[in-house]
Amino acid sequence: MSYTTPEERAVEGRDRLEMWRRLLRSIEVASTQRSLDTTAEMLGSAAVAAMAELEGFMRDLVDSITRDINDRHIPVRLLRPEVRVLHAHSTFESVRTLAPKNDKFWTRRKEIARLHMSDDVASLPARSEKGPQPPLRGTTIALRDIYEVATTFGFRESSRLQGNGKIIAALKKLSSYRNTYAHGSVPPAEIFSDPTSEIANVIEYIGHVCDLLDLLAEDWNDVLSYKLYLEEPPAQHAASDRR
């Protein structure tokens, strides 16, 4: 981990994305010297890189907030209800799979029902190579995934991205390009039927992902600074004043 603050992590991500934007601009300038197939390949690679950057950022965001909660030994009852769900993740999985005849069938259900009264120390699922860290799904990041994280950890303005049409459009486009290109089901030249004219669009889309990282870094920082993952954050009023 080379960053120490959410803002530094966003700067790292932006720097890598800006490298791709510069590369695409150079390709645009020299477009007559490259084949259309090569240009289409570069556009597909840029889309994959942009979405990978966003996915990596979201993994770091979730892991950072999760570690902050776990390291503070917080009683479960003090957490936001949405965060208590993460503490009970394994219990929910058990409820889903236990047969009615199992001795723990009702015990697990009662544990969930009593979370709001529990003095147990919160223990949220840690980062693992075996699967995505809740509440992430392990799929290509979409707006719904970001919104799920935002509403779980208590982002102060969890709905503001839904009103940002340019960021939403950029995510949809890059996600579609990424999935189609990465799966190799369609030749790049078919994904980008006019790759030369599409360069400027992809450059713009990646720029909106840079903006998204900055917005998410602000929210990430607020969650850590004001303990917004608590049901009653101690600095809630201070956060409101700062805004």
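Worth saying up front: this structure is predicted, and the values here are computed from it rather than measured. As a basis for the values below, the full set of heavy atoms in this structure was taken, side chains included, without hydrogen atoms, waters or symmetry mates.
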Open item on the list: Nearest 0.5 angstrom please: D37 CG to F192 CZ, how far?
Closed with: 12.5 Å
Task: Side-chain (T39) to main-chain (S35) donor-acceptor, under 3.5 angstrom - done: yes
TODO: Could I get the full list of side chain to side chain contact (heavy atoms under 4.5 Å, CB included) partners for R72, not counting sequence neighbours?
DONE: D68, I74, K227, Y229
Open item on the list: Testing the basics here: between L136 and I141, what is the closest heavy-atom pair and its distance to 0.1 Å?
Closed with: CD2-CD1, 4.3 Å
TODO: For the residue pair L213 and V11, establish whether any side-chain heavy-atom pair is separated by less than 4.5 Å.
DONE: no
Task: I146 vs L212 side-chain heavy atoms within contact, under 4.5 Å - done: yes
TODO: Determine which pairs satisfy ring pair (Phe, Tyr, Trp, His ring centres under 6.0 Å) with at least one residue from residues 22-74, sequence neighbours left out, and list them in order.
DONE: F57-W220
TODO: Report the distance from atom CG of L224 to atom CG of D219, rounding to the nearest 0.5 Å.
DONE: 11.0 Å
Task: Qualifying ring pair (Phe, Tyr, Trp, His ring centres under 6.0 Å) pairs with a residue from residues 10-46, counting only residues at least two apart or across chains - done: none
Task: Pairs touching residues 190-212 that satisfy salt bridge (charged side-chain N to carboxylate O under 4.0 Å, His left out), sequence neighbours left out - done: R14-D211
Task: Test salt bridge (Lys or Arg N to Asp or Glu O under 4.0 Å) applied to E7 - qualifying residues, sequence neighbours left out - done: none
Open item on the list: Under the criterion side-chain contact (heavy atoms from CB on, under 4.5 Å), I'd like the reasoning laid out for V62 against T152: C-alpha separation, chi angles, the key distance, then a yes or no.
Closed with: CA-CA 10 Å; V62 169; T152 296; over 6 Å; no
- [ ] Decide yes or no on side-chain contact (heavy atoms from CB on, under 4.5 Å) for I27 and R34, but give the supporting numbers first.
- [x] CA-CA 8 Å; I27 293 174; R34 297 178 183 271; 3.8 Å; yes
TODO: With sequence neighbours excluded, tell me which residues meet side chain to side chain contact (heavy atoms under 4.5 Å, CB included) with R21.
DONE: E18, R25, I203, I206
- [ ] Kindly work out whether a path of hydrophobic side-chain contacts (I/L/V/M/F/W/Y, heavy atoms less than 4.5 Å apart) joins L79 to V121.
- [x] no
Task: Pairwise distance SG(C210) to CG(L215) - rounded to 0.5 angstrom - done: 11.5 Å
TODO: With the side chain counted from C-beta on, respond yes when R84 and H116 share a heavy-atom pair under 4.5 Å apart, and no when they do not.
DONE: yes
- [ ] Could you tell me the separation between the NE2 atom of H87 and the CG atom of N70, rounded to the nearest 0.5 Å?
- [x] 10.0 Å
TODO: Report the residues that fulfil side chain to side chain donor-acceptor pair (under 3.5 Å) with T139, sequence neighbours left out, ordered by chain and then residue number.
DONE: none
Open item on the list: The criterion is side chain to side chain donor-acceptor pair (under 3.5 Å); which residues satisfy it with R137, sequence neighbours excluded?
Closed with: D145
Open item on the list: When you compare the side chain of E231 with that of P81, does any pair of heavy atoms fall below 4.5 Å?
Closed with: yes
Task: Atom of A88, atom of L115 and distance for their closest heavy-atom approach - done: CB-CD1, 3.7 Å
Task: Distance-minimising heavy-atom pair for A217 and A10 - done: CB-CB, 3.7 Å
Task: Close side-chain approach of S225 and N221, heavy atoms under 4.5 Å - done: yes
TODO: Return the set of residues passing side chain to side chain contact (heavy atoms under 4.5 Å, CB included) with K166 (not counting sequence neighbours), or none when no residue passes.
DONE: N164, H208
- [ ] For the residue pair F153 and P135, establish whether any side-chain heavy-atom pair is separated by less than 4.5 Å.
- [x] yes
Task: Stepwise side-chain contact (heavy atoms from CB on, under 4.5 Å) check, N179 with H183 - done: CA-CA 6 Å; N179 290 336; H183 294 159; 4.2 Å; yes
Task: Any pair counted as salt bridge (charged side-chain N to carboxylate O under 4.0 Å, His left out), so long as it reaches residues 115-134, sequence neighbours left out - done: D60-R127, D63-R127, R77-D119
Task: Sub-4.5 Å side-chain heavy-atom contact between P6 and L61 - done: no
TODO: Keeping the roles fixed (side chain from S26, backbone from L23), state whether a donor-acceptor pair exists under 3.5 Å.
DONE: yes
- [ ] Indicate, with yes or no, if V209 and M19 share a hydrophobic cluster defined by side-chain heavy-atom contacts under 4.5 Å among Ile, Leu, Val, Met, Phe, Trp and Tyr.
- [x] yes
Open item on the list: Could you tell me if the side chain of L216 sits less than 4.5 Å from the side chain of F155, heavy atoms only?
Closed with: yes
Show me the side-chain donor-acceptor pairs of residues 41-56 shorter than 3.5 Å, one per line, residues at least two apart or across chains.
{"residue": "E41", "atom": "OE1", "partner": "Y181", "partner atom": "OH", "Å": "2.6"}
{"residue": "S45", "atom": "OG", "partner": "E41", "partner atom": "O", "Å": "3.0"}
{"residue": "S45", "atom": "OG", "partner": "Y181", "partner atom": "OH", "Å": "3.4"}
{"residue": "E53", "atom": "OE1", "partner": "R16", "partner atom": "NE", "Å": "2.7"}
{"residue": "E53", "atom": "OE2", "partner": "R9", "partner atom": "NH1", "Å": "3.3"}
{"residue": "E53", "atom": "OE2", "partner": "R16", "partner atom": "NH2", "Å": "3.0"}

Open item on the list: For the CZ atom of R156 and the CD atom of E218, what is their distance to the nearest 0.5 Å?
Closed with: 12.0 Å
TODO: For S176, enumerate each residue passing the side chain to side chain contact (heavy atoms under 4.5 Å, CB included) test, keeping only those at least two apart in sequence or located in another chain.
DONE: T180
TODO: Could you tell me the separation between the CD1 atom of I69 and the CZ atom of R80, rounded to the nearest 0.5 Å?
DONE: 10.0 Å
